Student: 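I'd like to ask you about the structure that follows.
Hydrogens, waters and symmetry mates are skipped; everything else that's a heavy atom, side chains included, is used. Both counts, for ligands and for their atoms, begin at 1 and track the order of listing. Here the structure is a predicted model, which is why all the values come from computation and not from measurement.
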Amino acid sequence: MTDLRTDPAGAAQAAAAVLAERTGVARHDLAIVLGSGWVPAVDVLGETIADFPVTDLPGFLPPAVEGHAGRIRSLDVGGKRVLAFLGRTHLYEGRGVEPVVHGVRVAAAVGCSTIVLTNACGCLKQGIAVGDPVLISDHLNFTGRTGLVGPRFVDLTDVYARRLRDLVHEIDPSIVEGVYAQFPGPQYETPAEVRMAGILGADLVGMSTVLEAVAAHAEGCEVLGISLVTNLAAGLGDPLDHEEVLAVGTASATRMGELLGQVIPRI
Ligand code: HPA
């Protein structure tokens with residue numbers, strides 16, 4: 001069995017082979033990673049062709065967080081074959097970077113040229129309401145880690161592809177863009193950390209996405225990042241509560257699903 005830590009590329013190929021068998025197709029067009037509260041959005045997205053626990057594929061870990069279903073679904077969305085990861089592995093689970101980026105590597109290995117990364121986040125930016133989606137335009141990596149292996153000097157100028165953000169704006173010009181800062185978690189940020197992030201240019205704070213975006217970009221995929229604002233960042237509103245984060249996600253799921261349903265066939 002290929003080991004995820006010592007041979008991540010081999011592990012991705014091994015999972016891709018099982019995925020092709022389980023879904024009945026060698027290739028998918030696009031993958032979407034559904035973050036906290038986003039999972040119900042997939043139900044309104046398209047026709048389900050296959051659905052199975054993520055742990056059926058080599059290299060994937062069972063979910064550690066409530067609100068992260070730990071399943072993979074293969075869907076037909078307007079003629080495109082879409083791979084949806086219902087949940088993700090987070091860095092704060094303490095199992096290293098490899099399980100965090102395994103999903104996007106497997107998606108790239110089955111032919112996905114686009115990866116849509118979704119998450120729930122806290123917001124620092126004035127004028128954005130709880131329940132609003134925000135397009136990630138750039139990121140700050142506060143994890144001190146990388147989604148890459150070895151000396152790969154990957155350019156990140158357009159990691160969140162301008163082309164895809166423009167396409168979303170053609171569908172809904174009201175969606176704003178923002179810079180996402182990934183903190184390691186699992187604790188939420190302190191108000192001082194939020195102020196620091198704001199001074200450094202962050203509009204959004206969260207605990208995912210950045211390492212996956214870097215790994216996907218390095219694999220040659222175009223990345224679209226969409227954050228759902230579930231709360232005002234620490235110190236700017238009420239104290240934070242994971243249940244409330246999930247509740248906002250669930251309440252917004254239909255709207256997010258409809259947005260994705262419009263965007264995906266046009267990518
Ligand atoms: N900070 C970090 N992660 C989050 C937040 C937050 O405010 N909201 C949802 N996920």
Student: Is ligand 1 under 4.0 Å from a heavy atom in the side chain of L240, in the backbone, in both, or in neither?
Tutor: side chain
Student: With L117, which of V210, V104, I32, L34 fulfils side chain to side chain contact (heavy atoms under 4.5 Å, CB included)?
Tutor: V104
Student: Considering the heavy atoms of E189, write down every atom of ligand 1 situated less than 4.0 Å from one of them.
Tutor: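 That gives atoms 1 (N), 2 (C), 6 (C), 7 (O) of ligand 1.
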Student: With a 4.0 Å cut-off on N to O distance, would you call D51 and R73 a salt bridge?
Tutor: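 Salt bridge between D51 and R73, a charged N being under 4.0 Å from a carboxylate O: yes.
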Student: Below 4.0 angstrom from a heavy atom of T230, which ligand 1 atoms are there? Numbered from 1 as shown, please.
Tutor: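 It comes down to these atoms of ligand 1: 8 (N), 9 (C).
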Student: Counting both backbone and side chain atoms, is some N or O of Y188 under 3.5 Å from an N or O of ligand 1?
Tutor: no
Student: Out of all atoms in ligand 1, which are within 4.0 Å of some heavy atom of N231? Include the element for each.
Tutor: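 Matching atoms, with element in brackets: 5 (C), 6 (C), 7 (O), 8 (N), 9 (C).
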Student: Heavy-atom count around D238 CG within 6.0 Å, excluding the residue itself: above 12?
Tutor: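 No, not enclosed.
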Student: Mind checking whether V54 and V101 sit in one hydrophobic cluster, side chains of I, L, V, M, F, W, Y counted as touching below 4.5 Å?
Tutor: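 Cluster IDs for V54 and V101 match.
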Student: Side-chain contact, heavy-atom cut-off 4.5 Å: I49 with R81?
Tutor: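 A side-chain contact exists here, since the closest heavy-atom pair is under 4.5 Å.
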Student: Checking contacts here: is it the side chain or the backbone of A234 that comes within 4.0 Å of ligand 1, counting heavy atoms only? Could be both or neither.
Tutor: neither
